[in-house]
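Heads up, the thing below is written out as structure tokens.
In what follows, every heavy atom counts, from backbone to side chain, and hydrogens, waters and symmetry copies are set aside. Residue numbers begin at 1 in each chain, while the letters A, B, ... track the order of the sequences.
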Protein chains: 2
Amino acid sequence: MSQQRQGSTPGDAGVVPAFPDLPEATIARLPEYLRALHHLAETGAETVSSEGLAAAAGVNSAKLRKDLSHLGSYGTRGVGYDVTLLIDQVEYILGLDKNRAVCLVGVGNLGHALAGYAGFASRGFRVVALFDADQGKVGDTVNGLVVRHIDELPQVAAEESIAIGVIATPPGSAQAVADVLVAAGVTSILNFAPGVLSVPPNVDVRKVDLAIELQILSFHEHRKASLTALPGGRSAPAGNQEAVGS
Amino acid sequence: MSQQRQGSTPGDAGVVPAFPDLPEATIARLPEYLRALHHLAETGAETVSSEGLAAAAGVNSAKLRKDLSHLGSYGTRGVGYDVTLLIDQVEYILGLDKNRAVCLVGVGNLGHALAGYAGFASRGFRVVALFDADQGKVGDTVNGLVVRHIDELPQVAAEESIAIGVIATPPGSAQAVADVLVAAGVTSILNFAPGVLSVPPNVDVRKVDLAIELQILSFHEHRKASLTALPGGRSAPAGNQEAVGS
DNA sequence: CGCGATTTGTGCACGCCTTCACAAGCGCCT
DNA sequence: AGGCGCTTGTGAAGGCGTGCACAAATCGCG
């Protein structure tokens, strides 16, 4: 899955959450449902069946029904789900009704692209500040935002009440940046740098490693190649003799 | 998990794979182990214990041992794992011993960054061709590569024997690009465009949606906020009366 | 007003994955 | 050469997620 997850602040034991504790797998699919719902709303659909929404989101209809049932009963039997009602409900659960401020650290190759990524703004996230440790980049304007030095992060984070930080630095700087973010009160981090981040248990970290995705695809290429080589009849690549040999 | 997965070509039933069919969860972790191993090798370590490698990769030691046991016995009891031997073995399994050619379609904001992403080259992937449908971008040079028109994709893919394609186009163009890639013989696709791709069952698709990651973090922010609101004693956000009401 | 068509919500079983706990094996020290 | 400590590899148990299949519920029509 290529992401870290942290504990769930069991500090004040005894106080029951009073918040729908959805399965992680369901949470990970809600954004996909939301995207499909917005697409349906644009085409003027009033209601959707679980079958239709499931197809639009690329999942099984039974899975979708079970996922949605976890947030309550928002469908009508015999009819389907009210599109706009469901959109509101999913956005509420995901906390997207509040416009969330995000800061980005590391205005390199990737950070530059992330700062201008339209998909963030269109889904309720505002990138409100850019930081970098390189004085040569401080002062540059990227997508209408001025790059500030990372030393200003604590002050800016407090002013703008930033709760989510994105790390797009080289691997060597990632842990130090994470420490600064945590010290500044950031409680959610999206990390694009390879490697494992160490953070306090109340901070959530999600990791996206672009190279890992390619490596997983490479494995499947390898598997497919070794499969088609045998029945196909071309020269098989000598199996795995030099690799399996003890 | 936010990714699609396709069937496993059960066409020629009866022919046994003769390839270690690892659990998907294990495969997804192998790249992380590999990165940790390379890091250890750079520091001059000869061997690692499962405990040490697990810590470096951010997982449980029992999980790591079970994962590695699926590829065979490459550890020595009482000592640990030979770092270089394990690197070779994991790279062989992932198919990284062959230098894999990758093409990238969509040289926009994100595509520009991906074309220059150092993490690809450093892990055995060569971006050998860039494509775009916009004539205004065709001819530009990005990271030493000339952007070609997408109509040239089939020819170039055949010449360079490209098996992996990366889609970094706007959502509306993603399906059309996927169709072109599949027709050109590409059998693995890494898709950065939001939405569901429809491809033949022998093609593997992995999806990375940057906004989805933020939305998942937003959910956890929402959850954490609603948890600390109750015991803390500030004004609770009125529960979910307008949301739960039928 | 009742009936049938349709679709949601869910109990249940199955399979995958994780985690624990421990036997088996290896090297080192005496 | 023997024993001791350390580490791997794995059997078993538990938990989580998926998918099936069906009862419950709603709408529309006659």
Using atom types as modelled and distance alone, determine if a side-chain donor or acceptor of [X] lies under 3.5 Å from a backbone N or O of [Y].
{"X": "A/Lys224", "Y": "B/Val203", "answer": "no"}
{"X": "B/Arg100", "Y": "B/Gly95", "answer": "yes"}
{"X": "A/His70", "Y": "A/Thr26", "answer": "no"}
{"X": "B/Ser188", "Y": "B/Asp204", "answer": "no"}
{"X": "B/Thr76", "Y": "B/Val79", "answer": "no"}

To the nearest angstrom, how far is [X] atom [atom1] from [N] atom [atom2]?
{"X": "A/Leu68", "N": "C/dT10", "atom1": "CG", "atom2": "P", "answer": "12 Å"}
{"X": "B/Asp67", "N": "C/dC17", "atom1": "CG", "atom2": "C1'", "answer": "10 Å"}
{"X": "B/Asp21", "N": "C/dC17", "atom1": "CG", "atom2": "C1'", "answer": "15 Å"}
{"X": "A/Lys63", "N": "C/dC16", "atom1": "NZ", "atom2": "P", "answer": "14 Å"}
{"X": "A/Leu71", "N": "C/dT8", "atom1": "CG", "atom2": "C1'", "answer": "14 Å"}
{"X": "B/Tyr74", "N": "C/dG25", "atom1": "OH", "atom2": "P", "answer": "19 Å"}

Point to revise | B/Gln175 atom CD, neighbour heavy-atom count above 12 within 6.0 Å | key: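 Check passes, neighbour count above 12.
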**Study point:** Residues B/Glu32, A/Lys207: salt bridge by 4.0 Å N-O rule
**Key:** yes
Review point. Taking only side-chain nitrogens and oxygens of B/Arg65, does any of them come within less than 4.0 Å of OP1 or OP2 of C/dA21?
Key: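 No.
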Practice item. Check whether any side-chain N or O of B/Ser49 sits under 4.0 Å from OP1 or OP2 of D/dT7, and answer yes or no. Key: no
**Study point:** Nucleic acid contacts - residues 75-85 of chain B versus DNA chain C, non-hydrogen atoms under 4.0 Å
**Key:**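 By residue number: B/Thr76, B/Arg77, B/Gly78, B/Val79.
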Check your understanding: Between B/Lys66 and A/Lys66, which has a closest nucleotide on DNA chain C that is more 5'?
Key -> A/Lys66
Review point. What nucleotide, of C/dC20, D/dG9, D/dG17, holds the atom closest to the side chain of A/Glu24?
Key: D/dG17
Point to revise | Residue A/Asn60, side-chain atoms from C-beta onward, closest of D/dG19, C/dT18, D/dT8 | key: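 Closest of the options to the side chain of A/Asn60: D/dG19.
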**Study point:** No-hydrogen, no-angle side-chain donor-acceptor test under 3.5 Å, B/Tyr33 and B/Asp67
**Key:**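 Yes, side-chain donor-acceptor contact under 3.5 Å.
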**Study point:** Exercise: do B/His38 and B/Arg35 side chains pair donor with acceptor under 3.5 Å
**Key:** no
Practice item. Would you work out how much the helix from C/dC1-D/dG30 to C/dT30-D/dA1 bends between its ends, with each end axis defined by five base pairs, to 10 degrees? Key: 0°
Review point. Base, sugar-phosphate, or nothing for A/Ser73, non-hydrogen atoms under 4.0 angstrom?
Key: sugar-phosphate
